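Computed from a predicted model, the values in this text were never measured in an experiment. Per chain, numbering begins at 1; letters A, B, ... match sequence-line order.
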Protein chains: 2
Amino acid sequence: MLREPLGEEAAAELSRMFKALSDPVRLRLLSLIASHEGGEACVCDLTGPFDVSQPTISHHLKVLREAGLVGSERRGTWVYYWVLPEALAKLSALLQIPAVPAKAPA
Amino acid sequence: MLREPLGEEAAAELSRMFKALSDPVRLRLLSLIASHEGGEACVCDLTGPFDVSQPTISHHLKVLREAGLVGSERRGTWVYYWVLPEALAKLSALLQIPAVPAKAPA
DNA sequence: CGACTGTATTGACGGATATCGAAACACCTT
DNA sequence: AAGGTGTTTCGATATCCGTCAATACAGTCG
């Protein structure tokens with residue numbers, strides 16, 4: 001997708017997703033969720049590994065959710081989060097480089 | 001890479017790269033550079049398509065450069081920028097989803 | 001119903017970021 | 001060397017972002 005210039009709208013939407021990934025805590029949250037057994041994790045699994053407060057974790061999870069990177073659902077007492085693979089796949093594909101870079105490596 | 005939790009340091013470095021991509025102007029700059037003939041573009045090619053001032057473009061290019069996403073070189077009058085494929089490949093691979101998501105699609 | 005646990009929201013504060021105009025710097029031309 | 005064009009840096013300002021403490025909300029259990 002880096003073969004042709006991005007339109008303004010596309011760039012705006014994608015930049016929102018990348019912004020969600022631009023914080024170390026959120027990146028680690030995402031990887032914790034993705035790598036957690038069953039592909040999902042409840043908030044109680046996610047607050048332990050960090051030095052920040054629980055409201056801050058909740059805030060970051062909200063950012064990830066509003067960026068369309070994770071889904072969430074309340075099941076009884078706990079709220080579970082899981083990764084939305086299509087979103088990550090979209091970003092991954094975007095960063096895929098054309099096979100033959102025009103500037104040959106020196 | 002989302003199979004196991006990210007370490008703090010790794011997350012910090014990666015988040016710096018994603019932060020560089022978290023601005024629509026920078027995303028469009030990157031795609032303009034990548035898709036430009038020859039795989040590189042001079043600043044004079046990059047200021048036209050945007051509504052922001054030329055110093056602002058220069059600032060964004062600096063951010064991309066310091067994030068390790070692009071390289072630059074002065075050749076005579078003009079400064080040329082090109083994409084560093086390894087960096088983008090690294091991010092792309094990170095977002096690659098495990099082939100079998102644990103939570104099966106509904 | 002009332003108390004308790006898990007999660008989300010609110011409000012506030014400090015630091016970072018995007019942007020601009022002005023000025024400085026680099027190189028080319030004459 | 002002097003002037004001109006392309007690019008970066010500087011200084012200032014308005015806004016955004018991460019964080020916390022306090023509070024509110026949701027569901028469970030006695």
Engineer: Test of understanding: with side-chain contact (heavy atoms from CB on, under 4.5 Å), list the residues that count as partners of B:E66, not counting sequence neighbours.
Structural biologist: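 For B:E66 the side-chain contact (heavy atoms from CB on, under 4.5 Å) partners, ignoring immediate neighbours, are B:K62.
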Engineer: Can you tell which of D:dT28, C:dT19, D:dT19 lies closest to the side chain of B:D23?
Structural biologist: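 Comparing D:dT28, C:dT19, D:dT19 against the side chain of B:D23, the answer is C:dT19.
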Engineer: Between B:V52 and B:K19, name the one whose nearest nucleotide on DNA chain C is closer to the 5' end.
Structural biologist: B:K19
Engineer: Starting at the 5' end of DNA chain D, which residue's closest nucleotide do you reach first, A:G76 or A:V63?
Structural biologist: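 Looking at DNA chain D, the more 5' nearest nucleotide goes with A:V63.
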Engineer: Do A:S15 side-chain atoms and A:A11 backbone N/O form a donor-acceptor pair below 3.5 Å?
Structural biologist: yes
Engineer: Under 4.5 Å between side-chain heavy atoms, chaining through other members, with only Ile, Leu, Val, Met, Phe, Trp and Tyr counted: pull out the rest of the cluster around A:W78, sorted by chain and number.
Structural biologist: A:Y80
Engineer: Nucleotides 8-11 of chain D: which of its N/O atoms have a protein N/O under 3.5 Å away?
Structural biologist:
from	atom 1	to	atom 2	distance (Å)
D:dT8	OP1	B:Y81	OH	2.8
D:dT8	OP2	B:S58	OG	2.9
D:dT8	O5'	B:S58	OG	3.3

Engineer: Does B:E40 reach the side chain of B:I33, with side-chain heavy atoms less than 4.5 Å apart?
Structural biologist: no
Engineer: I need the CG-P distance between B:D51 and C:dA18, as an integer number of Å.
Structural biologist: 17 Å
Engineer: Please report the distance, rounded to the nearest Å, between CG in A:L64 and P in D:dC17.
Structural biologist: 14 Å
Engineer: Counting distance only, does the side-chain N/O of B:S92 pair as donor-acceptor with the main-chain N or O of A:S92 below 3.5 Å?
Structural biologist: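 Flag set: sc B:S92 to bb A:S92 pair under 3.5 Å.
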Engineer: Output the rounded distance in Å from CZ (A:R26) to C1' (D:dG18).
Structural biologist: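 Rounding to the nearest Å, CZ of A:R26 and C1' of D:dG18 are 8 Å apart.
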Engineer: Applying the side chain to side chain contact (heavy atoms under 4.5 Å, CB included) test to A:R26, which of A:V70, A:L69, A:V63 qualifies?
Structural biologist: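 So, applying the side chain to side chain contact (heavy atoms under 4.5 Å, CB included) to A:R26 and each of A:V70, A:L69, A:V63, only A:V63 qualifies.
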Engineer: Report the nucleotide, chosen from D:dG6, C:dG6, C:dA18, that has the shortest atom-to-atom distance to any side-chain atom of B:W78.
Structural biologist: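 Between D:dG6, C:dG6, C:dA18, the one nearest the side chain of B:W78 would be D:dG6.
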Engineer: Between C:dA26 atom C1' and B:E73 atom CD, what is the distance in whole Å?
Structural biologist: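 From B:E73 CD to C:dA26 C1': 15 Å.
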Engineer: Specify the separation, in whole Å, of atom CZ of B:F50 and atom C1' of C:dT19.
Structural biologist: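 Going from B:F50 (CZ) to C:dT19 (C1'), I get 15 Å.
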Engineer: Do B:L94 and B:L6 come close enough that some side-chain heavy atom pair is under 4.5 Å?
Structural biologist: yes
Engineer: With a cut-off of less than 4.0 Å, is there a side-chain N or O of A:H60 near OP1 or OP2 of D:dC17?
Structural biologist: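 The answer is no; no side-chain N or O of A:H60 sits under 4.0 Å from OP1 or OP2.
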Engineer: Return the value, rounded to whole Å, for the distance between atom OH of B:Y80 and atom C1' of C:dA26.
Structural biologist: 15 Å
Engineer: Where does DNA chain D form stems of at least three consecutive Watson-Crick or G-U wobble pairs, each pair having both distances below 3.5 Å?
Structural biologist: C:1-30 with D:1-30
Engineer: Counting just side-chain N and O atoms, does B:R75 come under 4.0 Å of either OP1 or OP2 of C:dC27?
Structural biologist: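 For C:dC27, neither OP1 nor OP2 has a side-chain N or O of B:R75 closer than 4.0 Å.
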Engineer: List the residues meeting salt bridge (Lys or Arg N to Asp or Glu O under 4.0 Å) with A:E86, not counting sequence neighbours, and say none if there are none.
Structural biologist: none
Engineer: Do any side-chain nitrogens or oxygens of B:S53 fall under 4.0 Å of OP1 or OP2 in C:dC20?
Structural biologist: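 True: B:S53 side-chain N/O within range (under 4.0 Å) of C:dC20 OP1/OP2.
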Engineer: Taking only residues two or more places apart in sequence or in another chain, which ones pass side-chain contact (heavy atoms from CB on, under 4.5 Å) with A:P55?
Structural biologist: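 By the side-chain contact (heavy atoms from CB on, under 4.5 Å) rule, A:P55 matches A:S53.
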